[in-house]
Number of protein chains: 2
Amino acid sequence: MGFEGADPGTVRPGGRTARVRAAVLRAAGDALAEGGFAHLDLADIARRAEVGKTTVYRRWGTVTILMADLLMDMAEQSLPRTETGSLLGDLKANARLVQRTLADPRQGALFKAMIAAATCEAKTAEALRRFYDIRVKEWAPCVQQAIDRGEVPEGTDVHEVIRAVSAPLYYRLLTSGDRLDEAAADRAAEAAAAAARAGAYLRGQEGRV
Amino acid sequence: MGFEGADPGTVRPGGRTARVRAAVLRAAGDALAEGGFAHLDLADIARRAEVGKTTVYRRWGTVTILMADLLMDMAEQSLPRTETGSLLGDLKANARLVQRTLADPRQGALFKAMIAAATCEAKTAEALRRFYDIRVKEWAPCVQQAIDRGEVPEGTDVHEVIRAVSAPLYYRLLTSGDRLDEAAADRAAEAAAAAARAGAYLRGQEGRV
DNA sequence: CGATTAACGAAACTGGAGTCCCGTTATGGG
DNA sequence: CCCATAACGGGACTCCAGTTTCGTTAATCG
């Protein structure tokens with residue numbers, strides 16, 4: 001008697017199963033970028049992926065679970081980080097990378113949809129959190145280097161500085177219709193650098209008023 | 001022969017029509033706060049509002065249009081702005097207000113849902129944009145006063161400073177599961193103030209690298 | 001206060017998203 | 001290479017969100 005609790009796709013993950021997963025994730029990305037997260041249904045994704053809709057329902061079940069899987073997949077493809085030797089230079093490189101990603105029609109729509117989906121389902125929210133944790137950890141060392149150089153005060157929360165670069169770009173993407181241009185990216189980097197130098201991201205200041 | 005193009009609710013807006021609108025918007029807010037924007041259907045809202053579902057479908061038609069209406073309604077209820085005499089004090093007051101709103105279970109869920117809905121429908125996105133434009137314009141004068149006092153350089157984009165206060169709070173709300181506490185609010189205000197003083201929000205610097 | 005008709009609401013209807021059944025394909029172990 | 005069975009896929013089925021129909025209630029105007 002076999003172990004019936006095993007999820008489909010876990011016992012024979014090679015060959016066809018892997019091809020189906022790749023095709024479905026690809027199709028899901030296309031559909032999300034086009035129609036947004038609301039008018040998304042698994043039957044349509046199955047059609048695009050040229051896969052039986054039964055398969056999609058069996059392996060993923062709901063739109064939000066599929067999106068969590070897609071997010072995991074995206075998290076694995078990490079982009080190389082450049083080093084410029086100054087905090088402002090590094091933060092600008094990061095800001096430009098985020099800005100280019102969000103300004104790209106397909107990617108931008110994809111990220112918007114992901115954030116929307118995360119507001120609806122805990123599973124997806126958790127996947128999104130992990131995705132950004134990975135990205136933030138990748139870039140945090142450049143702030144540590146700035147601390148070592150004496151550019152930024154000791155005790156600065158390095159992760160918070162990286163998040164501060166992305167925050168205004170995402171805020172603009174989500175709450176205004178304005179285009180995300182390079183000026184916005186540079187401004188985000190400059191603001192984060194200036195605030196970090198001024199000691200705005202010091203840890204353990206919670207009690208202070 | 002009457003004008004057939006008039007939308008329902010526009011010719012006789014008083015009495016029952018107004019009561020129905022209030023009840024439906026109220027119910028929509030409750031439903032959003034509980035279930036999030038994905039598992040939302042108009043039939044359920046009609047039930048909560050003790051109103052015929054036909055009415056809801058006729059007057060709003062889709063979830064996103066209803067949410068746009070709810071957003072308009074929320075935009076009208078504006079909170080009074082306090083003045084403390086210093087840029088940091090004013091920005092902290094603003095940050096605390098935003099933080100309290102987003103940390104509140106009902107309101108926080110509501111805002112998340114609104115942002116999610118705006119990613120799916122242009123109409124809702126436009127309503128959301130207007131909502132934040134109003135809020136930002138309300139608070140911008142405190143930055144202008146800081147410019148007049150010489151705290152912040154001439155030529156600073158006052159709206160951008162206000163947005164910079166909210167951005168990290170919204171970013172945290174949407175991309176991490178962490179609680180929004182007062183420390184986060186204060187840090188957002190301090191960072192925005194420091195960056196503004198350093199001239200990070202000067203207008204017309206687009207060409208600069 | 002009475003007539004007009006805007007707006008509401010109950011009930012029947014419809015289409016398609018999501019489920020179930022069962023036959024087919026091809027993976028991975030022996 | 002072959003077998004057991006994991007995983008896929010077509011097609012029938014179900015169920016409910018959203019629509020249509022038509023009768024009822026009440027807002028506005030004189």
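Each chain gets a letter, A, B and so on, in the order the sequences are listed, and its residues count up from 1.
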Sugar-phosphate only, base, or nothing, as touched by Thr62(B) at under 4.0 Å among non-hydrogen atoms: nothing
Tyr132(A) versus Tyr170(A), side-chain donor and acceptor atoms under 3.5 Å: yes
Between C1' of dA17(D) and CZ of Arg47(B), the distance in whole Å: 10 Å
Matching residue for Glu34(B) among Arg106(B), Arg48(B), His39(B) - test: side chain to side chain donor-acceptor pair (under 3.5 Å): Arg48(B)
Base dG9(C) paired with Arg58(B) side chain (donor-acceptor, <3.5 Å): yes
Value in whole Å for how far the P atom of dA27(D) lies from CZ of Arg21(B): 17 Å
Given DNA chain D, 5'-ward residue of the pair Leu40(B) and Pro8(A), judged by closest heavy atom: Pro8(A)
Whole angstrom value for the distance that separates P of dC16(D) from NE2 of His39(B): 17 Å
Donor-acceptor pair present, Thr17(B) side chain and dA27(D) base, under 3.5 Å: no
No-H, no-angle donor-acceptor pair, Lys53(A) side chain to dG18(C) base, under 3.5 Å: yes
Side-chain N,O (Thr55(A)) to OP1/OP2 (dG9(D)) below 4.0 Å: yes
Asp7(B) CG - dC8(C) P separation (whole Å): 12 Å
Closest non-hydrogen atom pair between Val152(A) and Ala196(A), with its separation: CG1-O, 3.8 Å
Arg19(B) CZ - dA6(C) C1' separation (whole Å): 15 Å
Nearest atoms (heavy-atom pairs only) where Leu91(A) meets Cys142(A): CD2-SG, 4.2 Å
Separation of atom OH in Tyr57(B) from atom P in dC16(D), rounded to whole Å: 13 Å
Short side-chain to backbone donor-acceptor contact, Arg163(A) and Arg172(B), under 3.5 Å: no
Spacing of Arg12(A) atom CZ relative to dA6(D) atom P, expressed in whole Å: 6 Å
Phosphate OP1/OP2 of dC8(C) contacted by Thr54(B) side-chain N/O (<4.0 Å): no
Whole angstrom value for the distance that separates P of dA7(C) from CZ of Arg16(B): 10 Å
